[in-house]
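Ligands are counted one by one from 1 in listed order, and the atoms in each one are counted from 1 as well. Please read these numbers as outputs of a predicted model, since none were measured by experiment. Residues take their numbers from the sequence shown, with the count starting at 1.
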Amino acid sequence: MNSRAKLKILHERDLVDKVCVVIGTRPGIIMFSPILRALHCSKIKYFIIHTGQHYSYNMDKKFFEDLNLPEPEYKLENVKDFYLHGEQTAGMLKGIEKILVKEKPKITLVGGDANTNLAGALAARKLHIRVGHVEAGERSGDWRMPEEHNRIIIDHISEYLFATNKKAKENLILDNIKGKIFITGNPIVDAAYQNLKIARSKSQVLEKMKLKSDEYILMTLHREENVDNVENLRCVFKGLSLICKDIRKKIIFLAHPRTVKRINEFGLNNILRPIHCLQIEEPVGYLDFLNLLVHSSLVMTDSGGVQQESCILKIPCVTLRDNTEWIETLEISANILVGVSPKKILEGTTIMLRSGRMWDNPFGDGFSAKKIVNIIENDITMKGDKT
Ligand code: UD1
Ligand code: UDP
């Protein structure tokens, strides 16, 4: 019999010079696309774990195709069967831990605030593998949001905090975070800049949806606080019907699968049908999304990523939330918060349609991925500071 106890943690000497990238949701795939490209061009060995949190073709595989990304080395099974936050996170944590024990990477990278990222960060932390958090330091101050819990926990257990800008760094300092903070910008800017030209030339979504530039408002809606609450959903739809009466624009609603499910469960289709300017569409891939966004008059959303992308691409944004982690977009008048009040939705839309679009992008210069990969490369090859 083996006299040595099986270790539950890994020691520095056990770790191999490679990086693990954990992805699993639509925004994570987009955010990591430029980082994967930069890793590919570096000397760093890396592998991808896909948690399977998002699994429908148009929430997952389509993004790998659009962004020309390699197949993940590992894909967790059955995560879609878990419903509660705890069981979903635990299921992914268990699956990721097993792979990390086998692969023993020096660093695990997670990005953003979804349960996938919490699971990845926790799995690595428990094994004493260093964690890098891309998009660290964002805070909405809204403790109802699962994403707010995730961000805060991940930041506290990360060694490398890749902050979008000075505001995010200040949040991390205020929270007394132990890891090392680097202002790198946000790779969502890199992704938008790298793909916009391709999207403009390749995407035929406007023709497919029979749309003309500047004749429509683009809308996405999926936040738990909004769509799992029948009253909030009703209010948003009431807001849409006010817009239809007042503003001569179509509304193109790219309906997230969660939202579609809730609309059906709550029996709200009869409220939607009479909203004559509303065109409900399935979620589209990244290239079609960028193309739809740049040709829209305005975007209405509760998405974190869409608030950023609209700001980056100079499209005015109306946010269907009472708060945002992206307060810099409010400060430069690229975005307005309207919550779910129908009156405020109409007022906010009217105001933002008059926007002069004079702001500068506060999220980075489009070279964030390179900066992040350089930092990791220095550390892995022991050239730079050890955290
Ligand atoms: C998750 C993230 C959220 C992020 C969003 C991006 C958490 C807590 N939430 O929310 O921060 O903004 O992803 O879109 O991690 N579904 C499908 N197919 C899919 C994915 C989901 O049908 O590919 C349906 C399922 O019914 C599922 C529901 O949507 O139960 C919710 O999915 P889930 O991944 O739990 O949360 P999201 O709302 O997508
Ligand atoms: N997106 C897309 N197709 C869609 C809706 C969104 O490609 O139909 C992209 C868009 O670039 C957005 C990203 O998916 O920034 C993130 O998605 P989501 O809003 O689901 O997540 P969040 O950013 O709120 O976490």
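Of the inter-residue distances, the one linking Lys314 atom NZ with Met358 atom CE reads 8.5 Å to the nearest 0.5 angstrom.
Proximity of Asn186 to Trp326: side-chain heavy atoms (C-beta onward) are separated by under 4.5 Å at one or more points. Looking at heavy atoms from C-beta onward, Glu103 lies out of side-chain contact with Val16 at the 4.5 angstrom threshold.
If you number the atoms of ligand 2 from 1 as listed, the ones under 4.0 Å from a heavy atom of Val306 come out as 12 (C), 15 (O). Within the listing of ligand 1, atoms 16 (N), 17 (C), 18 (N), 22 (O), 24 (C) sit less than 4.0 angstrom from a heavy atom of Pro257. Near Gly285, meaning under 4.0 Å from one of its heavy atoms, ligand 2 places the atoms 7 (O). For ligand 2, the atoms closer than 4.0 angstrom to any heavy atom of Ile30 are 9 (C), 11 (O), 13 (C), 14 (O). Heavy-atom contacts of Pro283 reach the following atoms of ligand 2: 8 (O) (cutoff under 4.0 Å). The contact set between ligand 2 and Arg223, taken as ligand atoms under 4.0 Å from a residue heavy atom, comprises 22 (P), 24 (O), 25 (O).
When only interatomic distances are considered, the shortest N/O to N/O separation between Lys261 and ligand 1 falls below 3.5 Å. In terms of polar-atom proximity, defined here as any N/O pair under 3.5 Å, Tyr83 makes no such contact with ligand 1. Residue contacts with ligand 1: Thr25 is placed with no nitrogen or oxygen under 3.5 Å of a nitrogen or oxygen of the ligand (distance criterion only). Close N/O approach between His256 and ligand 1 is found [any backbone or side-chain N/O within under 3.5 Å]. Residue His85 has no N or O atom closer than 3.5 Å to an N or O atom of ligand 1. The distance criterion of under 3.5 Å between nitrogen or oxygen atoms is not met by Thr116 with respect to ligand 1.
Scanning the protein for heavy atoms near atom 3 (C) of ligand 1, the closest one is Glu147 OE2, 3.2 Å. If you check which protein heavy atom lies closest to atom 19 (O) of ligand 2, you get Ser303 OG, 2.6 Å. Atom 23 (O) of ligand 2 has its closest protein heavy atom at Gly305 N, 2.7 Å. In terms of protein heavy atoms, atom 4 (C) of ligand 2 is closest to Arg26 NH1, 3.3 Å. With hydrogens left out, the protein atom closest to atom 1 (C) of ligand 1 is Gln53 NE2, 3.7 Å, a heavy atom. Of the protein's non-hydrogen atoms, His54 CD2, 3.4 Å is the one closest to atom 20 (C) of ligand 1. Among all non-hydrogen protein atoms, the one lying nearest atom 21 (O) of ligand 2 is Pro27 CG, 3.5 Å. With hydrogens left out, the protein atom closest to atom 15 (O) of ligand 2 is Glu309 OE1, 2.7 Å, a heavy atom. The single protein non-hydrogen atom nearest to atom 35 (O) of ligand 1 is Gln88 NE2, 3.2 Å, given as residue, atom name and distance. In this structure, the protein non-hydrogen atom closest to atom 3 (N) of ligand 2 is Val284 O, 2.7 Å. If you check which protein heavy atom lies closest to atom 4 (C) of ligand 1, you get His222 NE2, 3.7 Å. Looking only at heavy atoms of the protein, atom 31 (C) of ligand 1 is closest to Arg258 NH1, 3.6 Å. The single protein non-hydrogen atom nearest to atom 15 (O) of ligand 1 is Asn115 N, 2.7 Å, given as residue, atom name and distance. At the top of the distance list for atom 27 (C) of ligand 1, counting protein heavy atoms only, stands Tyr55 OH, 4.3 Å.
In this structure, Lys80 satisfies the cation-pi test against Tyr55, with its NZ or CZ atom closer than 6.0 Å to the six-membered ring centre and inside 45 degrees of the ring normal.
Between Glu347 and Lys343, at least one side-chain nitrogen of the basic residue sits less than 4.0 Å from a carboxylate oxygen of the acidic one, meeting the salt-bridge criterion. Salt-bridge formation is detected for the pair Arg139/Asp175: a Lys NZ or Arg NE/NH1/NH2 atom is positioned less than 4.0 Å from an Asp or Glu carboxylate oxygen. In summary, Asp17 and Lys106 engage in a salt bridge, as defined by a charged side-chain N under 4.0 Å from a carboxylate O. Salt-bridge annotation for Glu325 and Arg151: present, with a side-chain N of the basic residue lying under 4.0 Å from a carboxylate O of the acidic one. A salt bridge does not link Lys178 with Glu159: every distance from a Lys NZ or Arg NE/NH1/NH2 to an Asp or Glu carboxylate oxygen is 4.0 Å or more. Using a 4.0 Å cut-off between charged side-chain N and carboxylate O, Asp66 and Lys62 make a salt bridge. Between Glu97 and Lys126 there is no salt bridge, since no side-chain N of the basic residue sits under 4.0 Å from a carboxylate O of the acidic one.
The proximity of His222 to ligand 2, defined as any non-hydrogen pair under 4.0 Å, is limited to the side chain. If you look at Lys80 next to ligand 1, there are no close heavy atoms at all, none under 4.0 Å. Both the backbone and the side chain of Tyr286 come within contact range of ligand 2, each with a heavy atom under 4.0 Å. Residue contacts with ligand 1, taken as heavy atom pairs separated by less than 4.0 Å, involve Pro27 solely via side-chain atoms from C-beta onward.
Asn150 places no side-chain N or O within 3.5 Å of a backbone atom of Leu118 that could act as its donor or acceptor partner. Checked by atom type and distance alone, the side chain of Glu148 never pairs as donor or acceptor with a backbone atom of Arg144 at under 3.5 Å.
Nearest to atom 18 (N) of ligand 1 by heavy atom, out of Gly52, Gly28, Pro146, Ser56, is Ser56.
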